[in-house]
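In what follows, a structure is listed as structure tokens, so that the remarks can point back to it.
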Amino acid sequence: MDEGGWPGARTRVVGILGWPLEHSLSPRIHNAAFRRLGLDWVYVAFPVRPERLGEAISGLRGLGVVGANVTMPYKERVVTFLDRLGEKARRVGAVNTLVVRGDDLVGENTDAEGFARSLEEERVQVAGKGCLVLGAGGAARAVALALVEAGGEVWMAARRKEVGEEAATRVGASFLAMEEVPRLAPSFDVVVNATPIGWSGEPSLVPGEGFRRGQVVVDLVYGRETQFLTLAREAGARPIDGSGMLLHQAALAFLLWTGLEPPLDAMRAALEGRSGG
């Protein structure tokens with residue numbers, strides 16, 4: 001920062017690519033972490049229209065941006081613009097974190113480990129349990145992989161059979177047609193909504209009778225009470241929103257960019273709307 005505390009020529013820049021980005025809390029979380037550690041870094045939002053994604057990636061290279069997050073709808077599309085992928089990103093086929101390593105722009109995936117850590121924090125055990133993931137996109141595949149690696153018996157549900165089967169095969173899960181979800185959802189111990197449904201108040205993919213007491217029900221949507229979670233709560237299930245995954249994937253991205261241990265307390269405070277400095 002310069003003498004007035006503003007970003008200057010030496011300030012390192014990271015950010016987030018997505019469309020739209022009005023809902024994103026990532027700038028708040030990461031800037032709180034930078035302030036806590038006294039780093040001359042800044043995190044900014046880069047709203048990128050779908051037809052401009054390739055140009056945006058080239059712009060990151062040209063401007064010397066040192067890293068970025070990637071969110072909807074680009075976690076899969078961005079792969080074609082990168083030099084190489086980390087192991088988790090290759091397995092999932094989706095990227096949520098970009099890291100500059102030398103001359104290469106590398107795609108990483110911290111969503112899978114971030115989701116796993118959020119379950120650990122909530123003391124949710126999935127080994128040997130039936131798990132249902134709604135969706136087949138980048139976030140859904142990351143969640144499914146985390147559940148598979150934790151020993152869960154995982155099924156992925158999607159409206160398009162070919163997409164869902166490919167996603168399930170990629171991460172070692174099984175496929176379930178979306179129209180079967182209302183009937184079969186009560187048989188699962190863990191149910192995760194990993195679709196964008198809920199961001200704009202859309203109805204739940206699972207009806208009220210699809211939830212039961214004793215289930216763990218997770219919605220990756222954060223910052224609002226979705227109908228999905230409301231119905232789960234009313235049925236006696238344990239509802240968990242996406243804030244834990246958001247926090248932990250952000251902490252892992254912070255570590256990749258800076259090489260420093262992330263100040264999790266400051267990041268959590270910022271996420272919860274408290275002072276993160």
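Residue numbers run from 1 in the order of the sequence given.
Of the options Leu98, Val99, Thr97, a side chain to side chain contact (heavy atoms under 4.5 Å, CB included) to Val95 is made by Leu98 and by none of the others. In summary, of the residues considered (Arg212, Lys129, Arg213, Arg238), a salt bridge (charged side-chain N to carboxylate O under 4.0 Å, His left out) with Asp189 occurs for Arg212 alone. When each of Leu21, Asp111, Leu17 is paired with Thr71, the side chain to side chain contact (heavy atoms under 4.5 Å, CB included) condition holds for Leu21 and for no other.
Among residues at least two apart or in separate chains, side chain to side chain donor-acceptor pair (under 3.5 Å) pairs with a member in residues 100-109 are Arg84-Asp104, Arg101-Glu108.
Rounding to the nearest 0.5 angstrom, the gap separating the CZ atom in Arg61 from the CZ atom in Phe81 is 10.5 Å. Of the inter-residue distances, the one linking Arg77 atom CZ with Ile57 atom CD1 reads 10.0 Å to the nearest 0.5 angstrom. Atom CG of Leu134 sits about 9.5 Å away from atom CE of Met156, to the nearest 0.5 Å. Rounding to the nearest 0.5 Å gives a distance of 12.0 Å between CG of Asn96 and NZ of Lys88. Rounding to the nearest 0.5 angstrom, the gap separating the CG atom in Leu205 from the CG atom in Leu231 is 11.0 Å. Here the CG atom belonging to Leu39 is positioned 12.5 Å from the CH2 atom belonging to Trp257, to the nearest 0.5 angstrom.
Counting only distance, with no hydrogens or angles, the side chain of Gln249 and the backbone of Leu246 share a donor-acceptor pair below 3.5 Å. Arg35 contributes no side-chain N or O that, together with a main-chain N or O of Ala266, makes up a donor-acceptor pair within less than 3.5 Å. Counting only distance, with no hydrogens or angles, the side chain of Asp219 and the backbone of Asp241 share no donor-acceptor pair below 3.5 Å. Put simply, the side chain of Gln215 gets close to the backbone of Ala185: a donor and an acceptor are under 3.5 Å apart. For the pair Tyr222 (side chain) and Leu271 (backbone), a donor-acceptor distance under 3.5 Å is absent. For Ser187 (side chain) and Leu184 (main-chain N/O), a donor-acceptor pair under 3.5 Å exists by modelled atom type.
With a 4.5 Å cut-off on side-chain heavy atoms, Leu37 and Pro263 count as touching. With a 4.5 Å cut-off on side-chain heavy atoms, Leu119 and Leu147 count as touching. A heavy-atom distance below 4.5 Å is not found between the side chains of Val206 and Phe188.
Dense packing is recorded around CZ of Arg224, with more than 12 heavy atoms of other residues, nucleotides or ligands lying under 6.0 Å away. Crowding of Arg52 atom CZ: a count of heavy atoms from other residues, nucleotides or ligands under 6.0 Å not exceeding 12. Under a cut-off of 6.0 angstrom, the local environment of CD in Gln125 is sparse, with at most 12 non-hydrogen atoms contributed by other residues, nucleotides or ligands.
The two residues Val126 and Cys131 come nearest to each other via the heavy atoms CB-SG, 4.2 Å. When every heavy atom of Ala33 is checked against every heavy atom of Met267, the shortest pair comes out as CB-CG, 3.7 Å.
Val154 and Val217 fall into different hydrophobic clusters, where Ile, Leu, Val, Met, Phe, Trp and Tyr side chains are chained together by heavy-atom contacts under 4.5 Å. In the hydrophobic clustering of ILVMFWY residues, with side-chain heavy atoms under 4.5 Å counting as a link, Val218 and Leu176 come out apart.
Glu113 has a carboxylate O that lies under 4.0 Å from a charged side-chain N of Arg117, or vice versa, which qualifies the two as a salt bridge. A salt bridge does not link Arg90 to Glu87: none of the charged nitrogens lies less than 4.0 Å from a carboxylate oxygen. Remark: Glu272 does not engage Arg268 in a salt bridge, criterion side-chain N to carboxylate O under 4.0 Å.
Using cut-offs of 30° and 60° for the angle between ring planes, the Trp41 and Phe34 rings count as tilted.
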